[in-house]
Amino acid sequence: MKRNQNGTYCWRRSARNKQARIALTYIFGIGDPRAAKILEKANVDPFKKVQDLGEDEVNRIRQVIEDEGNVEGDLRKDTSMHIKRLIDIQSYRGNRHRRSLPVRGQRTHTNARTRKGPRKGTVAGKKKATGKT
C-alpha cells in the first residue's frame, strides 16, 4: 500500500502477487513484527495473497494502520524534525549530523565512507625547478 494524494492507501503493483504480511513491509515504517500485529488486529490471514483480499479486509487493514500511528510521510517528517531539533540545540549528535559524520560513536580515522563520501584525493605539489643563478 502507498498513500494517495487524498490520504488513502493503495497496493503497489509489485506487491499484489505477494502475501499480505510481505506486502505490508513495502510501507515505510512497517517491518515484519508490525505487519504481523496489524494483520492480527484486522483479522486477516497473513499468508493470503494481496490480490485475493476482499475490499472489507483491505479496509480493515487500512483502518488499523491509521489507528496504529505514523507511517510513510508522517514518519519521515517526524524523523527529520527530531534530527533538526538535535542540530538546533547544538548537541553532540546534532553536530555530527550537521558535519555528515557518524553519529553513534563509530571510528572515523578509517572507514565511515558512507557518511563522509568518496575520498578527496591528495594532490602532490609540483617541485619548483631550481635554476642556476
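Residues take their numbers from the sequence shown, with the count starting at 1.
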Item to check | Intermediate values then yes/no, side chain to side chain contact (heavy atoms under 4.5 Å, CB included), Ile65 and Leu24 | outcome: CA-CA 10 Å; Ile65 289 173; Leu24 278 177; 3.9 Å; yes
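- Shortest non-hydrogen contact noted between Lys41 and Glu68 is NZ-OE2, 2.7 Å.
- Shortest non-hydrogen contact noted between Val50 and Ala23 is CG2-CB, 3.4 Å.
- Considering all non-hydrogen atoms of both residues, Lys116 and Leu101 come closest at CG-CD2, 3.9 Å.
- The CZ atom of Arg34 sits 9.0 Å away from atom CD1 of Ile27, with the distance rounded to the nearest 0.5 Å.
- Of the possible donor and acceptor atoms, one in the side chain of Lys49 sits under 3.5 Å from a partner among the backbone N and O of Asn17.
- Here Asp88 contributes atom CG and Met81 contributes atom CE; the two are 8.5 Å apart, rounded to the nearest 0.5 Å.
- Distance check: Ile61 CD1 to Asp56 CG gives 10.0 Å after rounding to the nearest 0.5 Å.
- Arg60 contributes a side-chain N or O that, together with a main-chain N or O of Asn43, makes up a donor-acceptor pair within less than 3.5 Å.
- For the residue pair Gln106 and Val103, the shortest heavy atom distance occurs at OE1-N, 4.0 Å.
- Ile83 and Leu75 sit in two unconnected hydrophobic clusters of ILVMFWY residues. Membership requires side-chain heavy atoms under 4.5 Å apart, directly or through other members.
- Two residues are said to be in side-chain contact when any heavy atoms from C-beta on lie closer than 4.5 Å; Arg96 and Thr108 meet this criterion.
- The CD1 atom of Ile89 sits 5.0 Å away from the CZ atom of Arg85 when rounded to the nearest 0.5 Å.
- For the atom pair Lys84 NZ and Lys77 NZ, the distance stands at 13.5 Å (nearest 0.5 Å).
- Between the side chains of Gln63 and Asp67, at least one donor-acceptor pair of N or O atoms lies under 3.5 Å.
- The nearest pair of heavy atoms linking Asp52 to Glu57 is O-OE1, 4.4 Å.
- Minimum interatomic distance between Asn95 and Gln90 (heavy atoms only, all atoms of both residues): ND2-O, 3.8 Å.
- Looking at heavy atoms from C-beta onward, Leu39 lies in side-chain contact with Arg21 at the 4.5 angstrom threshold.
- Atom-to-atom distance recorded for Arg98:CZ and Ser91:OG is 10.5 Å, nearest 0.5 angstrom.
- Val71 has its side chain out of reach of Phe28: every pair of non-hydrogen atoms, C-beta onward, lies at least 4.5 Å apart.
- Other residues, nucleotides and ligands contribute over 12 non-hydrogen atoms within 6.0 Å of the CZ atom of Arg113.
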